[in-house]
Amino acid sequence: MTMASEIDGYTYIGQGYSVVPVGKHEGIAMNITTPQEMIKLMSDPQKIKETVVVTPGGTTTFVAPILYRKPAGIVTYAGTPESHLGIVGRNFRVPIVMTLQLEGVDSIPDGTPLLLECEGKLGHVYLK
Amino acid sequence: MTMLDEDAFLALNALYLKKMATTGDLAEISGLPCNQVQAMVGSFVERGWLLDMGGDLVIQTDGMAQVQDYYRETYSSLSQREDMRKWYARFQQINTQFIKHVTDWQQTEGDSKVQDRVITTVERLVKLIGEIEQLVPRYTGYIRRFERSSSAVDQGNRDFVCTPTVDSLHNIWFEFHEDFLAVLDRPRDT
Amino acid sequence: MNMVTEAATPTRSSTKWVYPFDEADGLDTASLGGKGTGLVRMTSAGLPVPPGFIIPTGACARCAEDDLPDDLWADVQQAVQALARRANRTFGGGPRPLLVSVRSGAPVSMPGMMDTILNLGLNEAALLALAESTGDTAFVADTFLRFARMFSEIVLGADDDVLDAIEEMKTDLPSASAEKVLPPLAAAVSRTLTDAVGQPFPLDPWEQLRLAIRAVFRSWNSRRAVRYRDYYRIPHDLGTATVVQQMVFGNLGTPAGTGVAFTRDPRTGQATLYGEFLERGQGEDVVAGTHTPEPLTAIAARYPSIVAELGRVAGQLEDLYRDMLDIEYTVEDGTLYLLQVRVGKRSAEAAVRIAVDLVDEERIEPATAITRVTPDQVRQIRRPRFQPEALEAARRDERLLATGVGASPGQVSGVTVVDPARAEQQAAAGQPVILVRTTTSPQDLPGMLASVGIVTARGGSTSHAAVVARALDKPCIVGCGALTIDASHGVVRISGESYPEGSELSIDGASGQIFAGSLATTRGIDEIGDSVARLLDWADATGCEVFTRVSTVDMAAAAIKDGAHGIGVRLDEVLAAAGRLDVLAEVLGAIAAGHQGTDVHVVEAAVTAALTDILAALDYQPFVVRTADLSWERVSETLAELTPGDQPPPGTWLPLGMPALVRAQARGVRNAVRTSGHPGPITLMVGGIVDVAELSALKEICRQEVGEKIHVAAALRSLRGLAALPALAREADAIWLDHRALTASIYHYPDELLVSDGALDAYLEQELLTADPRKEVDDLLRRNVPTVDTVEWGQCCLGVNLVGWGFAESVVEFYRAAGYRRFAVDGDGVQAARLLIGQRAAEADAP
C-alpha cells in the first residue's frame, strides 16, 4: 500500500482507489452531478483539459464519455475501478480517484486547484 | 412539438448513447446511409440538439430530451412489464461478470484465456438479446455489431475488446446497457 | 498460417473409432490433431506420458451433428475399461478410482474450441474411494469442485454466477469425515446446477464422459470456430480430434505441481531449460492468475531431482523432434508426467542461435537449419525495430502524433533538432538525433548524415529529403502536413502541441507514423552476428547471388559485412549522398536554357570524386555503376527544389537522349577506377533500354571514353525491353530486370510513387484492386519474362533488381523458378534475401 506523502505547498485532503498509475496531475475542480452539466463541459474542449471532474459517483456512467476529451482528472465519491468508468479510464490513462474519502474538509468547491497522485492502487488528492 | 421519426431517432439515439461521435459513427451504428445522416445532423444542429465541434458531434440537453421523449412514447408499454424487469435482472448478473472480465483482461495485458471469457460473456448477452429481439426489433443492430467485433478479436485485433475509440465490445455493451435502461425508463444517472 | 489442405478421410463402417496412444503410430496430424500427435510420439519414444486414447478427426462430422454413434461409444467404453485395467483402477468406483481428462485437439488451433475438462469420473462411490485411498478429503473435494466447475461451464454452459457459487463451496467445507463431507457436496453441486441450467448434473461418470466428448466435437461448429475458419479459409471438414487421458494430479503428494517449460531459453536461444512451476497446482490455476508460478531456477534449489529429470526428458524430446520444444508437465507425488509438447515459439535472436547450435550438436543439417529462421527474423536482427508491445502501448496511449508519407523504412527514436548544424553537434555529443525540417536542401546534408532519422513537413516521396534518405538508408518521413517548424525558437508544432528542441520522438519510416517519446527496440545483431553469418553461408551454398545498391562508403562497408555478392551504385544517388546533386541540376538547367556547348566536365569531376572512395572500400566484389536517371518524373521534384521554375531539356527521358552527359559519367567512372586501383570488372549500366541499337551505341561510347576494361549492361523497364531481351543478351555483358519499373509500366503507375505505399494500401483496402502489385507478380509480366533456359545468354549475366521495394516471397520465387539466380535488394534486405533465396532453393532441391 502506498502512503500519502507530504508534498510541499499542497495540503492532503483524502484518498480513494486509483484506476491507473499515471503519476501526479493538476487541475481545477468542477462538480458535475447531471448529464446536462457534463454535456455543457464537453462542449468546451479547452476547459476540459484543465478540469478535474468531481462527481458523486456510484453509477456515474454519464461521466465516462468525457474521458474522450482527456480531462485533467476525475474524482468520484463512490464506485470502484471495476466499472465502465474504470475500463475507459485505464484506456485513456486519465488520473481517476474513485470513492474518495475526504479528510479535514467536507467538500471540494468548484474552482479548487487540485493535485491527483495516482501511483499504486490508491490515489491521493491534494489541495494546492 | 412532434416526436422524432424512426430514422431521426436512430441517428440521434446513437449520439445520445455515445454522447460524442462523428457523423460516420452515427451512420455506422444506425445503419442509415451516410448522406441521410449528414442531412439529419445538419437539421439537428440548426435546432440546437447537438453541437458540431469540428467533426465531433456532442449531444445537447434539448437533443437528449428529444430522445428521452421518443423512448417514453415508444416503449411505455414495455417499461412496466414484469418479464422485462426479470430480463434486466439477468442482464445485470452478466453485466457484472463482463465488467470484471474486461478489467481482468486489461490487468493481465490481454491474457488469451481471459479474452475467451470476455467473448463467451458477449455470446451470452447476444443470446439474451435474442429473447427480447421481437419486442425491440432494432436490437438486432447490437447483435450485428457484437458479432463483427468479436470476430475482429478472434482474428487477433485486440483493440476490439475495449479500446474506446473503435467499435469495441465494451463500447457496444455500454451503449446497449444505456439503451435498455432508457427503454425501461430508468435513466440511472439523473 | 500453416494450413492442412487435405481433410482426414471420413470414416467407414469398419472404422476403428478409438486409438490408444501406443497403437496410433503412423497416423498423421490431420487425423490425430496436434495435441494427439505429440502424445502418440512421446509415448512411442518411451517418455513418461499418462496413458490415454484419441478419437480421431474423422469422427468429428458425425459426432458434431448427432449423438455419438453406438459403435463409437462402445469402442470408447472398451478403451476406458482397458485404461482402468492397465492402471489397476476402476472407472466410477473403488478401491482406486480412474479419473480422466477430456481435451480437444484440432490439426489447426483456433478460438471457440472446447478447452479442457479435468478430473472426470467422480460419483459418490469414487469420491469416497479416492478419499480412502489418498487419505485426503480436502484434496478430493477440491478435485471434485474443479471438475464440477469446468464441466458446468464447458458442457452445460452455466453462467459465471453458478460457477462462482460452486467456487464458494470450496471455502465452506466443514472439517469432518469423508462420508459427512463428500456426498452432501456432490448433492449440493447437483442441486445448484439443476436449478440454474434446468438440466441435472450427471453423477454417472459414463454420462459425464459421453457429454464431454460430444461437447468437444460440437465445439468444432461453435459460431466462433466457424467464423474463424471462414476468415482464414480453413476447410470446415478438417474436424477436431478428442483426447481422453488418465489424470495425474499436480495437487497430490510431495513434491507435486504443474508447469510449462521450454527446452531452451525462448528469448535468447541459450541451451538451458527455461520455464516455471506452480507447486500444488492444476493447470487451471496458472491461468486463473490466483497463484503465481515460480521460475524453474527457484525450483531447482528446492527439488533438484525434479528439475534434473525435466532436463533429461527435454534432451530426449529434442533428440526426437530435433528442435526447441514447449512442454506442459505435471509432477504427481514426485513423478514427472508430460501432458503436451509442441515446437516452441521463440524470438528472432533465439531462432538463429538455436538453428546454428542444433547443427553444431549434429541434430540437424545446415539445409534444415536455414529453414528454421524466417527472413523477417534476420531482418529484425539486422535492423532493430520497435518492440511490438511498445508500439501497441504507444498506440493505446494515443502517442501517435501524426502520419506523414513513409519515404525510407526503419524505426528509430531520437531527440528533435530543427537545425542541421545543431544536429551535427548533438550527434557528436552522442545524442540520437531526428532532424525535423520543412524541406531539406543539399546544404543540410551533413546534418542529415549525422541524424538517425529525418522528418519533413513538405515534399513527396521523390523530394530531396526522400531521395537522400533512401540513398543514405536512413528512416525518413516526408510531407507531414500536421507539422510546422518554428526554427527561430527551435520548436516543432504537431497538431497544436509544441515540442521544444530535444523532445523525444519515434518515427516509422515505412508507415510514416510519428510517436511521442522513445520506444523500446528489439535487440540488434551484435550479440549473434557470427551465428547469422554462418547461417547465411549455408544459405548461399545453394548457388544464388545477392547484390545491393549503395551510395556511400559506409553503406558499401555494411553491404560487404552483410555478405553482398556484388555492389551497385546509381550515380544520381551517389551524387545526392555526396551533396553534389546541384551539379546535375546546374548542367541540366544550362542545357535547358539553351546554352550551347555547356561544360559537362563538372559532372565528370563530381562522379570521379564521389566514386573513388567507394571503389577503394571494395575489393573483389563485382561492381555495377548505373548512370543517373534523368527522366523528368524521377528527378523533377528534386531538381525543382534546386532550380525552381526550370523546364527539363528535351531528351532527358530517353536512355541515351543526352549523350554528352552519358559520356561525362563514363569518364568519371574511368577516372575513379584508375585512382582507386580497383581491379575490376566494372560494369556500366543504363536503364530503360529497349533496342539492340541503343546498346551498340552505349558500347561505342564506352569504347571511346573508357577503353576495353569496362562491361556494358542494360536495365529493362518495360515490356518492350523484355521482348528485346534475347537479342540484347547477345550484345550485353549483363542485363537486369527492374521489377518495380516493369510492374509500374504495366499498371502505368509512376514508378517512384509506388515506394510510398500508403495510398496504394488504402486503395487495396477499399478492394479497388484485387491483387497487390507489390506482393504478386502480375500475370502480364509472368507471361513476358523469358525463362532463363529459353535465352541464349552466353557470357551475359542476368539479374533481377528488387531495390526500393522490399521483396515479397512470391516475387522472388517466381524469378527463381524461371531460372534467375542473381537478385539485387535494398541494403537492409541483403541478409534476409540470402536466407530466403537459400530456403527456396533448398526446398526446390528436396526430393
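Atom set for the values below is all heavy atoms of this structure, side chains included, hydrogens, waters and symmetry mates excluded. Below, read A as the first sequence line, B as the second, and so on, with proteins coming before strands; counting in each chain starts at 1.
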Next on the checklist: Let's go through B:V122 and B:F98 carefully: what are the C-alpha distance in whole Å and the side-chain angles of both, what is the deciding distance for side-chain contact (heavy atoms from CB on, under 4.5 Å) to 0.1 Å, and is it a yes or a no?
Outcome noted: CA-CA 8 Å; B:V122 167; B:F98 178 75; 3.7 Å; yes

Item to check | Heavy-atom proximity to chain A below 4.5 Å, by part of B:I59 | outcome: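 Both parts, backbone and side chain.
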
Item to check | Heavy-atom contact with chain A under 4.5 Å, split by part of B:Q106 | outcome: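 Contact with chain A involves the side chain of B:Q106 alone.
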
Next on the checklist: Regarding B:R85 and B:E82, does a basic nitrogen lie under 4.0 Å from an acidic carboxylate oxygen?
Outcome noted: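 Looking at B:E82 together with B:R85, the answer is yes, because their closest N to O distance falls below 4.0 Å.
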
Checklist entry - Are B:K18 and B:D25 within salt-bridge range, i.e. N to O under 4.0 Å? => result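 No, no charged N to carboxylate O under 4.0 Å.
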
Checklist entry - By side chain to side chain contact (heavy atoms under 4.5 Å, CB included), which residues pair with A:E82, not counting sequence neighbours? => result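 If we apply the side chain to side chain contact (heavy atoms under 4.5 Å, CB included) test to A:E82, skipping adjacent residues, the hits are A:T80, B:K100, B:T103.
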
Going by atom types alone, do [X] and [Y] pair a side-chain donor with an acceptor below 3.5 Å?
X      : Y      : answer
A:S43  : B:Q60  : yes
A:E26  : A:Y10  : yes
B:Y142 : B:D179 : yes

Next on the checklist: Within residues 104-115 of chain A, which residues come under 4.5 Å of chain B, heavy atom to heavy atom?
Outcome noted: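 So far as heavy atoms go, nothing in residues 104-115 of chain A approaches chain B to under 4.5 Å.
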
